[in-house]
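Naming: A, B, ... by sequence-line order, numbering from 1 per chain.
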Amino acid sequence: MIPFEGDALALAPRLIGVTLLVDGVGGIIVETEAYRRDDPASHSFSGPTPRNAAMFGPAFRAYVYRSYGLHWCFNIVAERHGAVLIRALAPLVGLERMAARRGGPAFLCAGPGRLTQALAITGALDGAPLDRPPFEWRERDGVPDIVAGPRIGITKAVEAPWRFGLCGSPFLSRRFPGTSPGYPRR
DNA sequence: TATCCGATGCCCT
DNA sequence: GGGCATCGGATAC
(Lines give C-alpha, C1' and ligand atoms only; values in the text may rest on other atoms or scores of the structure.)
Protein backbone atom coordinates (compact mmCIF):
# COMPACT_ATOMS: atom_id res chain seq x y z
CA MET A 1 0.00 0.00 0.00
CA ILE A 2 1.38 3.37 -1.00
CA PRO A 3 1.23 5.77 1.95
CA PHE A 4 1.20 9.01 -0.01
CA GLU A 5 -0.64 11.22 -2.51
CA GLY A 6 -0.52 14.69 -4.06
CA ASP A 7 1.20 16.62 -6.81
CA ALA A 8 4.96 16.78 -7.17
CA LEU A 9 5.51 19.76 -4.91
CA ALA A 10 3.42 18.23 -2.11
CA LEU A 11 4.76 14.74 -2.60
CA ALA A 12 8.49 15.53 -2.63
CA PRO A 13 8.75 16.60 1.05
CA ARG A 14 6.09 14.07 2.00
CA LEU A 15 8.40 11.25 0.87
CA ILE A 16 11.26 12.25 3.15
CA GLY A 17 11.44 9.62 5.89
CA VAL A 18 9.41 7.04 3.99
CA THR A 19 11.10 3.66 3.51
CA LEU A 20 11.42 2.28 -0.02
CA LEU A 21 12.43 -1.28 -0.82
CA VAL A 22 12.92 -2.71 -4.30
CA ASP A 23 13.04 -6.48 -4.32
CA GLY A 24 13.82 -6.40 -0.61
CA VAL A 25 16.69 -3.89 -0.90
CA GLY A 26 16.48 -0.24 0.10
CA GLY A 27 16.23 2.26 2.91
CA ILE A 28 14.83 5.56 4.12
CA ILE A 29 14.32 8.31 1.55
CA VAL A 30 16.42 11.31 2.63
CA GLU A 31 16.51 13.46 -0.53
CA THR A 32 14.00 14.26 -3.28
CA GLU A 33 13.32 16.85 -5.95
CA ALA A 34 9.98 18.04 -7.33
CA TYR A 35 9.38 18.55 -11.06
CA ARG A 36 6.03 20.04 -12.02
CA ARG A 37 4.20 19.98 -15.35
CA ASP A 38 4.67 23.72 -15.94
CA ASP A 39 8.27 23.69 -14.75
CA PRO A 40 10.91 24.46 -17.42
CA ALA A 41 13.30 22.01 -15.76
CA SER A 42 10.78 19.15 -15.96
CA HIS A 43 10.84 16.51 -18.67
CA SER A 44 7.07 16.98 -18.95
CA PHE A 45 7.35 20.71 -19.70
CA SER A 46 7.14 20.38 -23.48
CA GLY A 47 4.38 17.77 -23.50
CA PRO A 48 4.28 14.02 -24.04
CA THR A 49 7.14 12.25 -25.84
CA PRO A 50 8.16 8.59 -25.95
CA ARG A 51 10.65 9.11 -23.15
CA ASN A 52 8.35 10.88 -20.71
CA ALA A 53 5.20 8.87 -21.47
CA ALA A 54 4.99 7.56 -17.89
CA MET A 55 4.58 11.12 -16.59
CA PHE A 56 1.40 11.46 -18.64
CA GLY A 57 -0.03 8.15 -17.47
CA PRO A 58 -1.53 7.28 -14.08
CA ALA A 59 0.03 8.81 -10.97
CA PHE A 60 2.11 6.72 -8.57
CA ARG A 61 3.89 4.70 -11.16
CA ALA A 62 7.62 4.75 -11.86
CA TYR A 63 9.24 7.10 -14.35
CA VAL A 64 12.74 5.83 -15.11
CA TYR A 65 14.96 7.49 -17.68
CA ARG A 66 18.59 7.31 -18.72
CA SER A 67 20.76 10.21 -17.66
CA TYR A 68 23.91 11.29 -19.46
CA GLY A 69 23.88 8.08 -21.42
CA LEU A 70 24.95 5.80 -18.61
CA HIS A 71 22.95 6.32 -15.41
CA TRP A 72 19.31 5.57 -14.63
CA CYS A 73 17.19 7.99 -12.62
CA PHE A 74 14.11 6.91 -10.67
CA ASN A 75 11.06 9.11 -10.25
CA ILE A 76 7.63 8.71 -8.73
CA VAL A 77 4.95 10.05 -11.04
CA ALA A 78 2.83 12.48 -9.08
CA GLU A 79 -0.62 13.91 -9.71
CA ARG A 80 -0.98 16.54 -12.43
CA HIS A 81 1.80 15.16 -14.67
CA GLY A 82 4.67 15.99 -12.36
CA ALA A 83 7.30 13.72 -10.88
CA VAL A 84 9.50 13.40 -7.82
CA LEU A 85 13.13 12.43 -8.41
CA ILE A 86 14.44 10.17 -5.66
CA ARG A 87 18.01 11.40 -5.10
CA ALA A 88 19.22 9.61 -1.96
CA LEU A 89 18.37 6.92 0.58
CA ALA A 90 19.78 6.06 3.97
CA PRO A 91 20.69 2.44 3.17
CA LEU A 92 18.95 0.05 5.54
CA VAL A 93 18.20 -3.37 4.06
CA GLY A 94 20.36 -5.45 1.72
CA LEU A 95 23.61 -3.59 2.25
CA GLU A 96 25.70 -6.41 0.83
CA ARG A 97 23.65 -6.64 -2.35
CA MET A 98 23.92 -2.88 -2.76
CA ALA A 99 27.68 -2.95 -2.27
CA ALA A 100 28.06 -5.78 -4.76
CA ARG A 101 26.07 -3.87 -7.36
CA ARG A 102 27.98 -0.67 -6.64
CA GLY A 103 31.40 -2.29 -6.64
CA GLY A 104 32.14 -1.20 -3.08
CA PRO A 105 30.57 -0.09 0.19
CA ALA A 106 30.90 3.69 -0.31
CA PHE A 107 28.13 6.13 -1.22
CA LEU A 108 25.64 3.34 -1.80
CA CYS A 109 22.58 5.52 -2.41
CA ALA A 110 23.90 9.12 -2.30
CA GLY A 111 22.77 10.44 -5.65
CA PRO A 112 20.14 9.42 -8.21
CA GLY A 113 22.52 7.38 -10.37
CA ARG A 114 24.12 5.57 -7.44
CA LEU A 115 20.70 4.84 -5.93
CA THR A 116 19.37 3.14 -9.05
CA GLN A 117 22.57 1.14 -9.33
CA ALA A 118 22.33 -0.02 -5.72
CA LEU A 119 18.64 -0.94 -6.05
CA ALA A 120 18.99 -2.43 -9.55
CA ILE A 121 16.42 -0.03 -11.00
CA THR A 122 16.57 0.19 -14.80
CA GLY A 123 14.40 1.27 -17.70
CA ALA A 124 12.65 -2.08 -17.43
CA LEU A 125 10.70 -0.54 -14.53
CA ASP A 126 9.63 2.57 -16.44
CA GLY A 127 5.88 2.90 -16.02
CA ALA A 128 5.65 0.12 -13.46
CA PRO A 129 2.97 0.44 -10.73
CA LEU A 130 4.47 1.23 -7.34
CA ASP A 131 1.83 -0.51 -5.22
CA ARG A 132 3.05 -4.03 -5.94
CA PRO A 133 6.32 -5.97 -6.11
CA PRO A 134 9.15 -5.39 -6.56
CA PHE A 135 8.24 -2.15 -4.74
CA GLU A 136 7.48 -2.07 -1.03
CA TRP A 137 6.76 0.94 1.16
CA ARG A 138 6.84 1.62 4.89
CA GLU A 139 5.24 4.77 6.24
CA ARG A 140 7.42 7.17 8.21
CA ASP A 141 7.03 7.49 11.95
CA GLY A 142 6.01 11.12 12.45
CA VAL A 143 7.05 14.19 10.47
CA PRO A 144 10.83 14.64 10.20
CA ASP A 145 12.78 17.92 10.06
CA ILE A 146 13.06 18.81 6.38
CA VAL A 147 15.37 21.29 4.65
CA ALA A 148 14.80 22.75 1.19
CA GLY A 149 17.08 24.28 -1.40
CA PRO A 150 17.73 24.66 -5.14
CA ARG A 151 17.73 21.56 -7.31
CA ILE A 152 20.93 19.91 -8.53
CA GLY A 153 22.33 19.73 -12.02
CA ILE A 154 19.65 21.66 -13.91
CA THR A 155 20.01 24.66 -16.21
CA LYS A 156 16.45 26.04 -16.13
CA ALA A 157 14.48 27.32 -13.14
CA VAL A 158 17.65 26.93 -11.14
CA GLU A 159 16.43 29.11 -8.27
CA ALA A 160 13.28 27.20 -7.32
CA PRO A 161 13.85 25.62 -3.87
CA TRP A 162 12.29 22.29 -4.78
CA ARG A 163 15.00 19.99 -3.50
CA PHE A 164 14.12 18.50 -0.12
CA GLY A 165 16.28 16.69 2.40
CA LEU A 166 16.20 15.07 5.80
CA CYS A 167 17.80 17.61 8.13
CA GLY A 168 21.20 16.44 9.35
CA SER A 169 21.32 13.21 7.37
CA PRO A 170 24.84 12.02 6.45
CA PHE A 171 23.39 10.18 3.44
CA LEU A 172 22.56 13.23 1.30
CA SER A 173 24.14 13.48 -2.15
CA ARG A 174 25.31 16.99 -1.27
CA ARG A 175 24.75 19.28 1.63
CA PHE A 176 22.15 22.03 1.46
CA PRO A 177 23.33 25.65 1.27
CA GLY A 178 23.33 27.24 4.70
CA THR A 179 23.53 23.96 6.60
CA SER A 180 26.60 22.84 8.47
CA PRO A 181 29.36 21.38 6.27
CA GLY A 182 30.83 17.93 6.65
CA TYR A 183 28.46 15.80 4.64
CA PRO A 184 30.14 13.70 1.97
CA ARG A 185 29.79 15.25 -1.46
CA ARG A 186 30.78 12.08 -3.22
C1' DT B 1 37.25 22.21 -0.77
C1' DA B 2 36.33 23.58 -5.41
C1' DT B 3 36.48 23.08 -10.22
C1' DC B 4 37.15 20.64 -14.47
C1' DC B 5 36.55 16.89 -17.65
C1' DG B 6 35.64 12.47 -20.08
C1' DA B 7 32.48 8.59 -20.67
C1' DT B 8 28.35 7.57 -22.95
C1' DG B 9 23.24 6.99 -25.07
C1' DC B 10 19.49 8.83 -26.75
C1' DC B 11 15.91 12.12 -26.89
C1' DC B 12 14.32 15.98 -29.39
C1' DT B 13 14.62 20.09 -32.70
C1' DG C 1 23.68 17.76 -33.96
C1' DG C 2 23.01 19.87 -29.39
C1' DG C 3 22.00 19.05 -24.76
C1' DC C 4 21.51 16.84 -20.76
C1' DA C 5 17.45 15.88 -13.46
C1' DT C 6 25.38 12.04 -13.33
C1' DC C 7 29.51 9.99 -11.64
C1' DG C 8 34.24 9.34 -10.55
C1' DG C 9 38.84 10.59 -11.10
C1' DA C 10 42.31 14.28 -11.56
C1' DT C 11 44.04 18.65 -10.65
C1' DA C 12 45.07 22.82 -8.03
C1' DC C 13 45.14 25.16 -3.93
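More than 12 heavy atoms of other residues, nucleotides or ligands shown are found within 6.0 angstrom of CG on A/Asp38.
Using a 4.0 Å cut-off between a side-chain N of Lys or Arg and a carboxylate O of Asp or Glu, A/Asp39 and A/Arg151 qualify as a salt bridge.
In this structure, the CZ atom of A/Phe107 is 12 Å from the C1' atom of C/dC7, given to the nearest Å. In this structure, A/Ile152 places its CD1 atom 10 Å from P of C/dC7, rounding to the nearest Å. Rounded to whole Å, atom C1' of C/dC7 lies 15 Å from atom CG of A/Leu108. At whole-Å resolution of the value, CG in A/Asn52 and P in C/dG3 are 20 Å apart. The distance between atom CZ of A/Arg175 and atom P of B/dT1, rounded to the nearest whole Å, is 9 Å. If you take CD of A/Gln117 and C1' of B/dA7, they are 14 Å apart, rounded to a whole angstrom. Taking atom CZ of A/Arg151 as the reference point, atom P of C/dC4 lies 14 Å away to the nearest angstrom. One atom, NE2 of A/His43, and another, P of B/dC10, lie 15 Å apart when rounded to the nearest Å.
Without hydrogens or angle criteria, A/Arg114 side chain to A/Ala110 main chain gives a donor-acceptor distance under 3.5 Å. Of the possible polar contacts, one joining the A/Glu33 side chain to the A/Ile152 backbone as a donor-acceptor pair under 3.5 Å is found.
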**Study point:** Step-by-step side chain to side chain donor-acceptor pair (under 3.5 Å) determination, A/Gln117 to A/Arg102
**Key:** CA-CA 6 Å; A/Gln117 187 180 22; A/Arg102 285 271 304 136; 2.8 Å; yes
Review point. Taking it one step at a time, do A/Tyr35 and A/Leu85 satisfy side-chain contact (heavy atoms from CB on, under 4.5 Å)?
Key: CA-CA 8 Å; A/Tyr35 289 88; A/Leu85 174 66; 4.1 Å; yes
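Considering only side-chain atoms of A/Thr49, the nucleotide from C/dA5, C/dC7, B/dC12 that sits closest is B/dC12. Each of C/dC7, C/dT6, C/dA5 was ranked by its minimum atom distance to the side chain of A/Arg114; first place goes to C/dC7. The A/Arg66 side chain lies nearest to B/dG9 when the options are C/dG8, B/dG9, C/dT6. When each of C/dC7, C/dA5, B/dC12 is scored by its nearest atom to the side-chain atoms of A/His71, the top-ranked nucleotide is C/dC7. Listed candidates were C/dT6, C/dA5, B/dT13. Nearest to the side chain of A/Met55 is C/dA5.
The side-chain ring of A/Tyr35 is stacked on the base of C/dA5, judged by centre separation under 5.5 angstrom and plane angle under 30 degrees.
Across all strands shown, A/Leu70 has heavy atoms under 4.0 Å from base atoms, whether or not it also approaches the sugar-phosphate. In this structure, A/Gly113 reaches the sugar-phosphate backbone alone: every heavy-atom distance under 4.0 Å involves primed, P, OP1 or OP2 atoms, never a base.
The phosphate of C/dC4 has OP1 or OP2 within less than 4.0 Å of a side-chain N or O from A/Thr155.
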Side chains of residues 58-78 of chain A: which donor-acceptor partners sit under 3.5 Å, not counting sequence neighbours?
unit_1  : atom_1 : unit_2  : atom_2 : d
A/Tyr63 : OH     : A/His43 : ND1    : 2.7
A/Asn75 : ND2    : A/Tyr63 : O      : 3.2

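Using a 3.5 Å distance cut-off with no hydrogens or angles, the side chains of A/Arg87 and A/Ser173 do pair a donor with an acceptor.
Donor-acceptor pairing under 3.5 Å, judged by distance alone, is absent between the side chain of A/Tyr68 and the base of C/dA5.
Of the two residues near DNA chain C, A/Arg102 and A/Arg51, the one whose nearest nucleotide lies more 5' is A/Arg51.
In DNA chain B, stems built from 3 or more consecutive Watson-Crick or G-U wobble pairs, each with both distances under 3.5 Å, span B:1-7 with C:6-12, B:9-12 with C:1-4.
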